[in-house]
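To keep things clear, I will list the structure first and then write my remarks on it.
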Amino acid sequence: MVSAATGCRSTDQLVAINPFLSRRSAKNSDLNLAEIQASYDQSLSNDHLAVLGSQLTRELILNNYIRFMMASRASATPDILQGNFTSFGYFNAPSKTARNEYCKSTSKFAGAVLIGNIKNEAQSPPCGPGSSTIRIPLGYSLRGFAVPSANRFAQRLDLAALARASQKPDGARWSDLDPSWPKRRIRWLFSSQADFLADLRSVGIKPPARYQLAATYLSAYQNLGNHPDNLLLAPTNPGLSATLEGARFQILPLQTGPEGRTVAATADNLQSYPAQLVKGLYLYLNTKSANSCIIASFADFMLNHNATLMNENNAIPLPPAELRAASLALQNHQRSAPIGANSPTLCKAYAEYTKRNQHTPQQANNR
């Protein structure tokens with residue numbers, strides 16, 4: 001944010017000049033130099049909030065941060081609104097890269113929004129032992145296998161058969177999964193934003209020697225229709241309109257047992273879907289950051305409206321018990337770092353909002 005004025009009046013006071021002005025222009029103005037300088041200094045006091053995150057969580061975070069900010073402003077008293085608010089910077093990187101960058105240089109970032117393996121996240125402290133970071137779960141994302149609408153034969157996917165076929169020297173063919181399907185080689189498609197190699201190995205599939213790589217989640221789904229034998233492994237919440245599923249592509253139910261039972265990649269099947277393909281969405285909060293209360297307030301807002309905010313942004317809300325546990329852990333942290341007179345303006349505004357809108361966290365739809 002850059003502001004500029006046209007000049008300021010000469011004064012005997014020894015006051016630093018706004019670098020966008022010159023002392024020559026200051027001699028021919030009716031404006032008071034001290035007032036101009038005070039206004040400029042106030043603009044520099046804005047809080048600059050830097051957060052790391054993946055492409056998959058970008059819209060989720062940016063859309064909800066705007067709602068969080070507007071809700072806080074609408075409930076804040078005029079004296080709070082006289083202060084400066086916070087500029088928000090979302091730095092995009094694949095989750096693995098974002099995690100490494102955040103953890104090795106936490107002083108630069110107030111937080112990170114990461115996608116992680118549920119088991120690994122539960123068993124290890126964020127950024128290792130002694131870290132100043134706390135981890136707040138927000139919801140879930142599922143990995144799914146999608147085929148284009150031109151694929152008229154595949155109605156389900158047998159993971160065990162696909163894992164066996166992937167070990168063949170010349171790669172898997174559709175007929176390896178079902179003898180009635182075409183004897184054509186599967187054409188794999190991935191997004192460069194996803195750790196697809198780890199996802200494949202997690203379910204016993206040998207990564208193919210050749211594959212197509214799309215730059216983004218969106219382009220991966222758009223490129224899916226280029227050939228009827230394409231098979232895409234990607235998050236099932238890529239930011240595409242839900243109406244496109246069925247018209248442009250189909251996310252295949254997975255056959256996970258010898259009895260032939262299948263499970264679809266939906267929120268209702270969160271507990272029965274293959275655990276290796278269920279990813280958690282986590283907000284990492286740097287407690288040593290001067291703006292940590294902003295991230296904490298934002299997390300509180302997303303937990304209090306979890307079902308609505310996750311569903312509207314193609315993510316799966318937290319189940320009720322997990323939502324209550326996450327809210328309790330965050331509240332314990334907030335009590336250890338209460339909002340004070342010198343806290344960032346947005347923290348004070350959100351505190352005013354919570355006073356006026358006391359409520360319990362919104363219950364998720366999935367059980």
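In what follows, every heavy atom counts, from backbone to side chain, and hydrogens, waters and symmetry copies are set aside.
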Is it the case that the side chains of Asp300 and Thr354 hold a donor-acceptor pair, with the cut-off being a distance below 3.5 Å and no angle test? no
Mind checking whether Phe91 and Phe109 have parallel, tilted or perpendicular rings, split at 30° and 60°? perpendicular
Test item: Leu60 and Leu281 side chains (from C-beta on) under 4.5 Å apart, heavy atoms: yes
Quick check: closest heavy atoms across Gly280 and Ile118, and the distance to 0.1 Å? N-CG1, 3.9 Å
Can you see which heavy atom on Ala299 is nearest to which on Ile136, and at what distance? CB-CD1, 3.8 Å
Centroid-to-centroid, Tyr90 to Tyr65, below 6.0 Å? no
Does atom CZ of Arg335 have more than 12 heavy-atom neighbours, drawn from other residues, nucleotides or ligands, at distances under 6.0 Å? yes
Out of Lys183, Arg187, Arg152, Arg184, which one pairs with Asp229 under the salt bridge (charged side-chain N to carboxylate O under 4.0 Å, His left out) rule? Arg184
Would Leu330 end up clustered with Ile339 when hydrophobic side chains under 4.5 Å apart are linked, directly or stepwise? no
Roughly how far, to the nearest 0.5 Å, is the CZ atom of Arg185 from the OG atom of Ser175? 10.5 Å
Which atom pair, heavy atoms only, marks the closest approach of Ala214 to Asn223? CB-ND2, 3.9 Å
Glu312: what forms a side-chain contact (heavy atoms from CB on, under 4.5 Å) with it, not counting sequence neighbours? Arg67, Thr308
State, to 0.1 Å, how close Glu59 and Asn313 come at their nearest heavy-atom pair, and which atoms those are. O-OD1, 3.6 Å
Does Phe298 have its ring centroid less than 6.0 Å away from the ring centroid of Phe301? no
For residues Leu328 and Leu283: do they belong to one hydrophobic cluster (side chain heavy atoms under 4.5 Å, members Ile, Leu, Val, Met, Phe, Trp, Tyr)? no
Run the ring pair (Phe, Tyr, Trp, His ring centres under 6.0 Å) test against Tyr273 and tell me which residues pass, sequence neighbours left out. none
Do you know the tightest heavy-atom contact between Asp199 and Arg143? OD2-NE, 3.1 Å
Any side-chain donor near an acceptor of the partner, Ser180 and Asp178, under 3.5 Å: yes
Please report the C-alpha distance between Arg356 and Glu352 in whole Å, then the side-chain angles of each, then the deciding distance to 0.1 Å, and finally whether the salt bridge (Lys or Arg N to Asp or Glu O under 4.0 Å) criterion is met. CA-CA 6 Å; Arg356 297 189 180 192; Glu352 190 74 18; 3.6 Å; yes
What orientation do Tyr284 and Tyr102 show, parallel under 30°, tilted 30 to 60°, or perpendicular over 60°? perpendicular
For Arg173, does the CZ atom have more than 12 heavy-atom neighbours from other residues, nucleotides or ligands under 6.0 Å away? yes
Under 3.5 Å, which donor-acceptor pairs link side chains of residues 162-172 to any protein atom two or more places apart or in another chain?
{"residue": "Ser166", "atom": "OG", "partner": "Ala163", "partner atom": "O", "Å": "2.7"}
{"residue": "Ser166", "atom": "OG", "partner": "Lys206", "partner atom": "N", "Å": "2.9"}
{"residue": "Gln167", "atom": "NE2", "partner": "Ala163", "partner atom": "O", "Å": "3.4"}
{"residue": "Lys168", "atom": "NZ", "partner": "Asp176", "partner atom": "OD1", "Å": "3.2"}
{"residue": "Lys168", "atom": "NZ", "partner": "Asp176", "partner atom": "OD2", "Å": "3.1"}

Heavy-atom closest contact (Ser219 atom, Ala215 atom, distance): OG-N, 3.5 Å
Aromatic rings Trp181 and Phe153: how do their planes relate, parallel, tilted or perpendicular, breaks at 30° and 60°? tilted
Is there a side-chain contact between Tyr140 and Leu270, using heavy atoms and a 4.5 Å cut-off? yes
